[in-house]
Structure formats: structure tokens, C-alpha cells
Amino acid sequence: MAALSGVRWLTRALVAAPNPGAWRSLSISAVAHAASRSQAEDVRVEGAFPVTMLPGDGVGPELMHAVKEVFKAASVPVEFQEHHLSEVQNMASEEKLEQVLSSMKENKVAIIGKIHTPMEYKGELASYDMRLRRKLDLFANVVHVKSLPGYKTRHNNLDLVIIREQTEGEYSSLEHESARGVIECLKIVTRTKSQRIAKFAFDYATKKGRSKVTAVHKANIMKLGDGLFLQCCEEVAELYPKIKFETMIIDNCCMQLVQNPYQFDVLVMPNLYGNIIDNLAAGLVGGAGVVPGESYSAEYAVFETGARHPFAQAVGRNIANPTAMLLSASNMLRHLNLEYHSNLIADAVKKVIKVGKVRTRDMGGYSTTTDFIKSVIGHLHPYGG
């Protein structure tokens, strides 16, 4: 568990700097601390790591079944504590939300499916999914968009990271009818949270050896709100002279991602833009079924799919693609310092895709979810063996 505490220390360190002057030295010491802790002990440890599992809606339960089957076959030392929270399945209440929060706070790590948010207004503007993220302060959503070898798309060999602030912005749940037929929807932008996500993006780029951060905004129109976000990014960028910094307006960014996505490395942006760009970028490498994602607070880490879709029309048809969830589960194991099992599962998934004989419908094949799971299990072998 010492290795796990080192990972948590790094996450806390990346977001807890009390003032801008401390950011540079903190990022260096945090990375060094985590590196030394990760090398301090064998990753193939005895005992099981407790992890909260939230299957969610749509094909979420089927994807979680895939994770459990692969983990069992790979003898992964993880114990899932499963909870159910769903607004569409009548399994959502304050009591259930508190149970989930209690489990996540105790375990510090969770893997979740998409918790679908109904469009109907029933007296509460904030969905259970949004409330869960806020209560855990999961401010940073990270989506690593990377091409999968052997699966050709319009753009190949892509490798970019989208970092999204997800606790304020357009998703603040502050709406009201100021006059009959007039709705005001408030977008909240704060200096504290804008600085925090900018710092997270630059620390991430530093830790991962990336060379450029692009801040995405609409400050030409929202001069105060997005203007503050952009100003905070510029201020933080000055503290990282080795990382190239650029800015780009959101509409131009969408076009550039389609035309020439290779120009991007790490992108950081407010809430709504991140939601849109996550989905656009996922489409560049194969869609929602192949891109993993994760969300972080100072204390907690939640692993999920990069593009959040319930894929309700596929429920019970055994056609959902488990690639994104399996890769996300692999990332979760790396976070737990279980490098051996992380690589074991990620390599098996990538080999199935590279061979190309077993592909789900969204990837142009005819294989079932079960076929894919069996093929992944068949490709499991000692890492490096």
C-alpha cells in the first residue's frame, strides 16, 4: 500500500500548491517523489486492492462484466465493491448517492460506467452524475486519444491528450426563468479553478514528457468568463518555460482537429468545450468504444470511458465494444502501481485489435462482446514473456 500512497501523494501535490510561486518546485518534487516510491517495491504484491465499481446505465453493466472476466483470467489482485446508481432505472436516491460516495472516499479509486442524465426537469437541475463529481471534487478529466495499431481510421498514429475542467463552467446547474419565456443559464468561471486545471495540464505535460499545451477558449466572445480562463492559463504557462504554450478558439480547434490533429499534444479547456472535443477526438480514432478516460481530484481517481455514452440501443444485444473500458481498467491498475497486470491486459486488448480477426460492429466487424472478451483472455500471457 506504500506504492499506492505515493500515487495519491502525487495527485494531491499536483493540485494543492498554496500559491503560484510554489507551483514550479512542487511539480518537480511531486514527480520525483512518485518515481522513487514506484521503484521502491515489487508491483506484484500480495492481497487485493479495494475498488468501487459503478456499472451505470446502457451497456455499462455489460462492459463491467467484461472487466471482471478479464481481471479474473489475469488474476488481478483487485476486489470490486459494486454499487448501483441510476436515474433511468429508478435506482437513484440520496441514500444510494451517499453509499457510493462513502465507498469511493474509503477506496480512493473507482471504475464507473455512464450514469445517464434524463432531459426531463423534475425539480433538480444537477444530475446524480454531476453531483457525484462535485462532491468528490473530480475537477480534472483526462482523455488520452491514441490510435490503435492495426485499426485504420482517417487519421492514423494520433497521440493527443484532452484535459477538461469539470466542476464549473456551463455545467454549474444554475438556471432560472427570469421572466416568462426567458431562461438565464449561468456559466461560472473562477480564478482558483482555472488556475488549478491549467496547473494540472502543465504538470501532466511535464510528467509525461510532452512538449506543448494548447488552451482552448472563446474569449473573443465571452470576454470576461473565458477571458479569465485564458488569462489564468497564460499566467501558469510562464512558470513552465520548457513547455510550448498556444491558444486556440474553440470553433477553430474543432476544424483543426479534423483537418490536422497532429499539431496538438495536450489541450486544456473549460467544461462544455471539453465534452465536445472529447467526443470529436474519439471519433478520429474509432469512436466511443475505443478511447479510455479518467477523472482526478486531489484525493480520488475515477476511471471511465473517454466519450461517455450509454449506448442504450445495444443493451442486451451482446454487441458493445469493451475496448475503452478495458483500457481504462488497465490505466486504473497502473494508478494502483500494478504495472505487471496493467501491461498484461492492455497488451492483450491491443493484440486482439492488431490481429483484426475479432472486431465488434462499431469497428467494422461482426464479433460479439463475448467473442472479444474470449479473444482478450486468449491473448493474456506474462508481460514480456
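Along the sequence shown, residues are numbered consecutively beginning with 1.
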Rounded to the nearest 0.5 Å, what separates atom CD in Q99 from atom CE in M104? 12.5 Å
Is there a side-chain contact between I162 and V142, using heavy atoms and a 4.5 Å cut-off? no
Stepwise side-chain hydrogen bond (donor to acceptor under 3.5 Å, both in side chains) test for Q81 and H83: CA-CA 7 Å; Q81 298 176 3; H83 295 267; 5.1 Å; no
With a cut-off of 6.0 Å (strictly less than), are more than 12 heavy atoms of other residues, nucleotides or ligands near CG of L224? no
For R334 and N343, run side-chain contact (heavy atoms from CB on, under 4.5 Å): C-alpha distance rounded to whole Å, both residues' side-chain angles, the deciding distance at 0.1 Å, then the answer. CA-CA 8 Å; R334 184 169 291 110; N343 291 326; 3.0 Å; yes
Are the side chain of T369 and the backbone of A320 linked by a donor-acceptor contact shorter than 3.5 Å? yes
Report the relative orientation of the aromatic rings in F139 and F200; use parallel for angles under 30°, tilted for 30 to 60°, perpendicular for over 60°. perpendicular
Separation between CD1 of I221 and CD1 of I250, rounded to the nearest 0.5 Å: 13.5 Å
Polar contact flag, side-chain donor to acceptor under 3.5 angstrom, S328-E304: no
Will you find, in the side chains of R133 and S297, an N or O donor that is under 3.5 Å from an N or O acceptor? no
Any donor and acceptor pair, going by atom type alone, linking the side chain of E168 with main-chain N or O of K193 inside 3.5 Å? no
Tell me if the CZ atom of R134 is crowded by more than 12 foreign heavy atoms within 6.0 Å. yes
So which heavy atom on E177 is nearest to which on G181, and how close? OE2-N, 2.8 Å
Do you reckon L230 sits in the same ILVMFWY cluster as V213, going by side-chain contacts under 4.5 Å, direct or chained? no
Where the side chain of S194 meets the backbone of T190, is there a donor-acceptor pair that is under 3.5 Å apart? yes
What I want to check is whether the side chains of D203 and Y240 have a donor and an acceptor closer together than 3.5 Å. yes
Residues, nucleotides or ligands: over 12 heavy atoms within 6.0 Å of K187 NZ: yes
Please check if I188 and F229 belong to a single hydrophobic cluster, counting links between Ile, Leu, Val, Met, Phe, Trp and Tyr side chain heavy atoms closer than 4.5 Å. no
Are C253 and L257 close enough that some pair of their side-chain heavy atoms sits under 4.5 Å apart? yes
Check this for me: does any side-chain nitrogen of one of K105 and E98 sit under 4.0 Å from a carboxylate oxygen of the other? no
I need the H341 NE2 to F49 CZ distance, nearest 0.5 Å. 10.0 Å
Please step through side-chain contact (heavy atoms from CB on, under 4.5 Å) for the pair I111 and V302, ending with a clear verdict. CA-CA 6 Å; I111 184 167; V302 173; over 6 Å; no
Could you tell me if Y273 and D226 have a donor-acceptor pair between their side chains, going purely by distance under 3.5 Å? yes
Does a donor on one side chain sit under 3.5 Å from an acceptor on the other, for E165 and T167? yes
Answer yes or no: is there a side-chain heavy-atom contact under 4.5 Å between D347 and H379? no
Counting only N and O atoms by type, is there a donor-acceptor contact under 3.5 Å from the side chain of N318 to the main-chain atoms of T370? yes
Side chains of T52 and N107 only: does a donor on one sit below 3.5 Å from an acceptor on the other? yes
Minimum heavy-atom distance G286-T153, with the two atoms named: N-CG2, 3.9 Å
Is E82 salt-bridged to K68, going by a charged N under 4.0 Å from an acidic O? yes
Would you say the side-chain atoms of S367 and T360 include a donor-acceptor pair closer than 3.5 Å? no
Less than 4.5 Å apart, side chain to side chain, heavy atoms only: is that true for R154 and L284? no
For residues 261-270, run the donor-acceptor check on the side chains, cut-off 3.5 Å, and write out each pair with its distance to 0.1 Å, sequence neighbours left out.
from	atom 1	to	atom 2	distance (Å)
Y262	OH	N156	N	3.1
Y262	OH	N156	O	2.6
Q263	NE2	Q256	OE1	2.8
Q263	NE2	N260	O	2.9
D265	OD1	R210	NH1	2.5
D265	OD2	S211	N	2.9
D265	OD2	S211	OG	3.4
D265	OD2	K212	N	3.3

So does R196 pair up with D137, basic N to acidic O under 4.0 Å? yes
Backbone of K199 reached by a side-chain donor or acceptor of Q195 within 3.5 Å: no
Going by heavy atoms in the side chains, are E170 and C185 under 4.5 Å from each other? no
Flag this pair as yes if the NZ/CZ of R164 is under 6.0 angstrom from the six-membered ring centre of Y171 and inside a 45 degree cone about the axis; otherwise no. yes
Just so I know, are the side chains of N321 and V290 near enough to count as touching, which here means a heavy-atom distance under 4.5 Å? yes
Under the side-chain contact (heavy atoms from CB on, under 4.5 Å) criterion, do L344 and V76 qualify, and how do the steps go? CA-CA 10 Å; L344 184 68; V76 177; over 6 Å; no
Least distance between heavy atoms, V67 atom then L326 atom: CA-CD2, 3.9 Å
Can you tell me how the ring of F245 sits relative to the ring of F202, calling it parallel under 30°, perpendicular over 60° and tilted otherwise? tilted
Under 3.5 Å, side chain of D371 to main-chain N/O of T368, donor-acceptor pair present? yes
Nearest heavy-atom neighbours spanning I115 and G56: CG1-CA, 4.4 Å
4.5 Å side-chain heavy-atom contact, V51 and E79: no
Decide yes or no on side-chain hydrogen bond (donor to acceptor under 3.5 Å, both in side chains) for S173 and R131, but give the supporting numbers first. CA-CA 10 Å; S173 303; R131 291 166 65 190; over 6 Å; no
Rounded to the nearest 0.5 Å, what separates atom OG in S172 from atom CG in N271? 7.5 Å
Ignoring hydrogens and geometry, is there a side-chain-to-backbone donor-acceptor pair from H217 to A219 under 3.5 Å? yes
Verify same cluster id: I277, V258 (apolar side-chain graph, 4.5 Å): yes
Which value, rounded to the nearest 0.5 Å, describes the distance between L336 atom CG and K108 atom NZ? 13.5 Å
Evaluate side-chain contact (heavy atoms from CB on, under 4.5 Å) for V349 paired with V70, printing each intermediate quantity in order. CA-CA 10 Å; V349 172; V70 173; over 6 Å; no
Sequence neighbours left out, what passes salt bridge (charged side-chain N to carboxylate O under 4.0 Å, His left out) with E294? Give chain and number order. none
So, for A73 and L380, which heavy atoms are closest and what is the spacing to 0.1 Å? CB-CD1, 3.8 Å
Membership question, hydrophobic clusters at under 4.5 Å side-chain separation (ILVMFWY): are M130 and L186 in the same one? no
K207 side chain vs Y204 backbone, donor-acceptor pair below 3.5 Å: no
Pairwise distance NE2(H144) to CG(L160) - rounded to 0.5 angstrom: 7.5 Å
List the atom of A281, the atom of V145, and the distance in Å for their closest heavy-atom pair. O-CG1, 3.5 Å
Please check if the distance between the ring centroids of H335 and F303 is under 6.0 Å. yes
